[in-house]
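Structure record follows, encoded as C-alpha cells.
Just so it is clear, the values below take in all heavy atoms, side chains as well, and ignore hydrogens, waters and symmetry mates. Position 1 is the first residue of the sequence; numbering continues from there.
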Amino acid sequence: MYEVAVIEDPAAAEASLDPVRARLLAALAEPGSATMLAAKVGLARQKVNYHLRALESHGLVELVEERRKGNCTERVMQASAASYVISPTALSAVQPDPSRFPDQLSARWLLALAARLVRDVGALITGATKAKRRVATFGIDGEVRFASAADRAAFAEELSGVVTALVSKYHDEQAEDGRPHRLVIAIHPSVGKQSTDG
C-alpha cells in the first residue's frame, strides 16, 4: 500500500468521489472482506461487492488474499493507498494552466501552480512506479510568522533575490546530460489561523 496515490483517470476519479466508495476506501486502510465491510458501513454484502468490483477495476483496491469458506471463496481486499489525490489531468479540458495569467501576487495563480505541481509529480510517480524506480524530489515545508505586511513583502523580495541567485549559479543551459527541474516556492497565510490579513 502506498502512502499517497495520484488518480489521473477521470473514471477512477469519479469512482473515488462516490460517497459510498469513499467510505469503503477509508475502511480498507486495513484488509477486509465484503462481509466485514458490510457490517462496518451498514450495507448489504452484495452492494459492497458491487462497489468493490468498481473500485478494483480502477486500481483503487487490490486483492490481498482469497479464503475458502465452506463452498465459496471470500476475497480480502485492501485500498491501494492510504490516501488519494486527484490530478488535474482527470479534468484535462478544464485543468488550470499557470502560464495563462502569470501573477506572482495572485492566490488563484498560486492555486494553478499547485495544480500543475500535483499533475507533474503525479505523472512522475506513475511513471516511476511502472519502471520500479524512485523519483528525485526535494521539498521544504515551514511556517513563518510575520510581524507586518511590510515584513512579509520584504521577505518575499529577499527570498526572490536569493532564489534567483541560486538558479543563476546552478542553471546550465549547455549541460548535455542535464535534466530540467521545476522549482515552485509559495507563501500563503496558514489555513485555520489568522488568514484574512492583507
Side-chain angles (χ1 to χ4, degrees), residues 1-14 16-17 25 58-60 79-198:
M1 173 188 279
Y2 297 111
E3 180 59 34
V4 180
V6 179
I7 299 172
E8 297 173 315
D9 176 57
E14 183 180 356
S16 72
L17 292 172
L25 283 173
H58 295 295
L60 300 172
S80 57
S83 56
Y84 299 89
V85 174
I86 297 176
S87 170
T89 303
L91 296 168
S92 61
V94 293
Q95 67 179 306
D97 180 1
S99 66
R100 266 186 262 168
F101 305 105
D103 176 0
Q104 290 182 314
L105 300 178
S106 165
R108 294 185 191 285
W109 184 69
L110 181 58
L111 188 60
L113 279 180
R116 183 180 64 194
L117 180 66
V118 168
R119 182 197 69 206
D120 291 353
V121 174
L124 289 169
I125 288 171
T126 299
T129 301
K130 288 177 184 170
K132 297 186 181 349
R133 298 184 71 188
R134 293 182 56 144
V135 180
T137 61
F138 172 75
I140 294 177
D141 180 34
E143 191 169 313
V144 179
R145 185 179 183 96
F146 296 109
S148 66
D151 283 355
R152 184 184 64 224
F155 177 87
E157 187 175 333
E158 190 173 339
L159 179 63
S160 179
V162 169
V163 170
T164 300
L166 276 172
V167 169
S168 295
K169 178 178 177 181
Y170 289 99
H171 178 68
D172 185 350
E173 193 67 45
Q174 308 305 317
E176 233 176 80
D177 295 328
R179 181 175 182 188
H181 284 68
R182 181 164 301 280
L183 172 68
V184 176
I185 297 174
I187 300 172
H188 62 83
S190 296
V191 176
K193 298 182 181 172
Q194 295 175 340
S195 58
T196 55
D197 62 331

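The distance from atom CD of E143 to atom OG of S190, rounded to the nearest 0.5 Å, is 3.5 Å. Remark: H181 NE2 to L183 CG distance equals 11.0 Å, nearest 0.5 Å. Note that the CZ atom of R116 and the CG atom of D97 stand 8.0 Å from one another [nearest 0.5 Å]. Rounded to the nearest 0.5 angstrom, D120 CG and T137 OG1 are separated by 12.5 Å. Rounding to the nearest 0.5 Å gives a distance of 13.5 Å between CZ of R134 and CG of L124. To the nearest 0.5 Å, atom OG1 of residue T89 and atom CG of residue D9 are 10.5 Å apart.
Remark: the E8 side chain and the T126 side chain contain an N/O donor-acceptor pair separated by less than 3.5 Å.
No side-chain donor-acceptor contact under 3.5 Å links S160 to the backbone of A156. Remark: the backbone N or O of L60 is paired with a side-chain donor or acceptor of Y84 at under 3.5 angstrom. Side chain of S106 to backbone of D103: no donor-acceptor contact under 3.5 angstrom is found. A donor-acceptor pair under 3.5 Å is formed between the side chain of S83 and the backbone N or O of E3. Between the side chain of S87 and the main chain of G122, no donor-acceptor pair closer than 3.5 Å is present.
For L159, the side-chain contact (heavy atoms from CB on, under 4.5 Å) partners two or more places apart in sequence, or in a different chain, are F155, V163, I185, I187.
Annotation for A79 and L25: closest pair CB-O, 3.8 Å, computed over non-hydrogen atoms. In this structure, P88 and P96 approach most closely via the heavy-atom pair CB-CD, 4.1 Å.
Heavy atoms from other residues, nucleotides or ligands lying under 6.0 Å from CD of Q95 number more than 12.
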